[in-house]
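A short write-up of the structure that comes next.
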Amino acid sequence: MDLLMMAQIAAGMIFIFMFALIVSEKVERHIVTLLSGCAMFLIVFGLCMHSTSAMVKTLNLGNILHMSFWYQPYSVLEESSGINWSTIIFIAGMMIMVEGMARVGFFRWLCMTIAKFVRYQVVPIFITFMIMSAVLAMFIDSITVILFLAAVTIELAQLLRFHPVPMILSEIFCANLGGSATMCGDPPNIIIGTSLGYSFADFITNTGVIAGISLVAVVIYFYVAYRKELQPVGRTTDVPTVYPNPMDAITDKRGFVLSCAVFGITVLMLITHAQTGMTVALIGVLSAVATLLAAGRHAPMLLKKIDYKTLLFFIGLFMVVGGLEQTGILETIAFYIGEISGGNQMLMVAIIIWISAVASAFVDNIPFAATMIPVIKTLALTTNAELSVLAWALSMGTDVGGSATPIGASANVVGTSVAAREGHPISWAQYCRRSVPATILVLIISTIFIWVRYL
Amino acid sequence: MESKQLIIAVSREFGSGGHCIAEELARRFGLPMYDRNILEHVADEKKVDSRNLEKYDELPKNRLFSRTVRGFSNSPQEQIANMQFNFLRKKAGEGESFVIVGRCAESILKGYPGLVTIFVLGDMEAKIERIAHINKVSKSDAEQMIDRYDKKRKAYHNHYCQMKWGDSRNYDLCINSNKLGIERTTDTLEQYIRERIK
């Protein structure tokens, strides 16, 4: 057995072991990925490959020192591999910005303002909250969106006497869908965008259009599916006379204005980053600095609230995927997909969308997307497939597939958990009954859209 | 004992009569008893139907179908268990005296000076007789029920606690209810508890 084959077997085993440990939740997932990353470096790069260049390439630290990491006035297809520092820096920046917005009461204020705007009527709240969930998730991580939206939904459900679970499940689905629309909406998209050099505009004009069409379809679907369950329960005479004032949600008026400004400018920077040349890493840093300056004495508290474990999880994960990439094991998978599809692009797209979706419904879609990027890169190189088309297929598959089950995406776990803590436990059956058909609906729309538009 | 608080935590094997013993102890000491009725209190507080919560009572988390993100778990079983643990901690923290059946109370409330922990077990034959009689089922069905319930209780307990379910080191007293019968077992336990609170 040659050393490369040994390296491939060792890398594959480390990857499978890492995935199994993540699923088992016996050890915190950031520790799992970091230890697996170290094992990859020691066993695969060190013992099997004797390659320090593979280690350096995977650590990818030199990348940060390049000007193009922060400012790139022209669009290029990056040949990035190893630790994706752009993703990590951008996510850290967004975490700080979102914590800043949460501190001043932005999310609660927004929810209550919309509820007031539709005069606290259940069906209009149901529809506007789904749309709001999708729109917010385009720019903010879906966990935060659902955390606030689910809490306000339960509060409104108690006030207006409706069953909150259908609304929460619809919001979760729309948050995942909204996340698929933009480069910064969902971690798989950030990884796809930064690894393959796609801009915000590339995503919004491709996955964004699919997500827009799908949103219309799922709003109608959820309304039809849940309309009976949304009827107010109890006596109709129990209507409240006093409604919460949205302004009461704001904890710091000056901070609120500043946070809104930072958010607005960040969205603007993201939309125009292909034109301005600012990379997402730079946007993340600028948003974080602006948020910290605006927060003043509250800045240390915001820094404390950063989810460092998630950032470490990403670093470890990229190390492991870097190991798989360097050993060429992912190329083998790519050749296999290419062979099954016989070079037929329609089949290739369908395989990527549906396999990504099924996998993402049960396992964390972030490691899956990170693993699949080198696979689609190789597929594009070895077959006549267009890389961008495969990227949109991967994005829709991983982002939407996660909506099917309560454990498919982080927003699902957080949303169902918030509901359960307030006395509304959601079983797998209850969750999947409506979300699986909605997922299939969006996957069909995505597959047909990609076939018709690009092939 | 200096503390006036008395918390009697009764863990039990299915069919051992542990629940009846706990009820009788609660009556003799004039204490409220908590078991699955905790969920009624929780449901009242949250203004929800307790039946939606009861189906997840004292059940282990399904590892394969569960995921935790930033401290949030999708497992209803885990959420319901935590609600009950928080309820018990709150009651104990407020200084209330009570009898609690199951719910990992011996571990959750460890450290309270007024805590008395008991594990009631029984001989298999006697447990089968008892369950067959109470539930009006055949002996083989009763045996299956016992196996099923005890397996669930064990998995539930061992998921949330460091010490194992039924491990004598985890309890102040382990007692086989068949040796003296339910009533005399209760008498013995009462005597022990009275000695403890002297």
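Below, chain A is the first sequence line, B the second, and so on; all start at residue 1.
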Q. Is the closest basic N to carboxylate O distance between B/R51 and B/E54 below 4.0 Å?
A. no

(Q) Run the salt bridge (Lys or Arg N to Asp or Glu O under 4.0 Å) test on B/E23 and B/R12 for me, step by step, so that the C-alpha distance in whole Å, both residues' side-chain angles and the decisive distance to 0.1 Å come before the verdict. (A) CA-CA 13 Å; B/E23 268 178 336; B/R12 74 290 181 216; over 6 Å; no

Q) Between B/S50 and chain A, which part of the residue has a heavy atom less than 4.5 Å away: side chain, backbone, both or neither? A) neither

(Q) At a heavy-atom distance under 4.5 Å, which candidate from A/V414, A/V418, A/I407, A/T416 has the highest pair count against chain B? (A) A/I407

Q: Using non-hydrogen atoms and a 4.5 Å limit, figure out which bit of A/I154 sits close to chain B: side chain, backbone, both or neither.
A: neither

Q) Side chain, backbone, both or neither: which part of A/E422 has a non-hydrogen atom closer than 4.5 Å to chain B? A) both

**Q.** Part of A/I22 within contact of chain B (heavy atom distance under 4.5 Å)
**A.** neither

Q: Answer with yes or no whether the side chains of B/N74 and A/Y431 bring together a donor and an acceptor at under 3.5 Å.
A: no

Q. What part of A/A157 is in contact with chain B, defined as an atom under 4.5 angstrom from a non-hydrogen atom: side chain, backbone, both or neither?
A. neither

Q | Side chain / backbone / both / neither for A/I426 at chain B, heavy atoms under 4.5 Å | A | backbone

Q) Can a donor-acceptor pair be found between the side chains of B/Q84 and B/D57 at a distance below 3.5 Å? A) yes

Q) Which atoms of B/I80 come close to chain A, meaning under 4.5 Å heavy atom to heavy atom: side chain ones, backbone ones, both, or neither? A) side chain

Q) Does a side chain donor of either B/N176 or B/D123 reach within less than 3.5 Å of an acceptor in the other side chain? A) yes

**Q.** B/V48 portion near chain A, given a 4.5 angstrom heavy-atom threshold
**A.** side chain

**Q.** chain B contact via A/S427 - which portion, at a heavy-atom distance below 4.5 Å
**A.** both

(Q) For B/F65, which atoms come within 4.5 Å of any heavy atom of chain A: side chain, backbone, both, or neither? (A) both

Q. Any salt bridge between B/E143 and B/K139, counting N to O under 4.0 Å?
A. no

Q | Ring-face cation contact, B/Y112 with B/R89, 6.0 Å cut, 45° max | A | no

Q. Does the side-chain hydrogen bond (donor to acceptor under 3.5 Å, both in side chains) test come out yes or no for A/S417 and B/Q79, once each step is laid out?
A. CA-CA 7 Å; A/S417 178; B/Q79 299 284 356; 2.7 Å; yes

Q: Among the options A/N412, A/T310, A/D307, pick out the one with the most heavy-atom pairs lying under 4.5 Å from chain B.
A: A/D307

**Q.** chain A interface, residue from B/N52, B/T68, B/L53 that has the most non-hydrogen pairs under 4.5 Å
**A.** B/T68

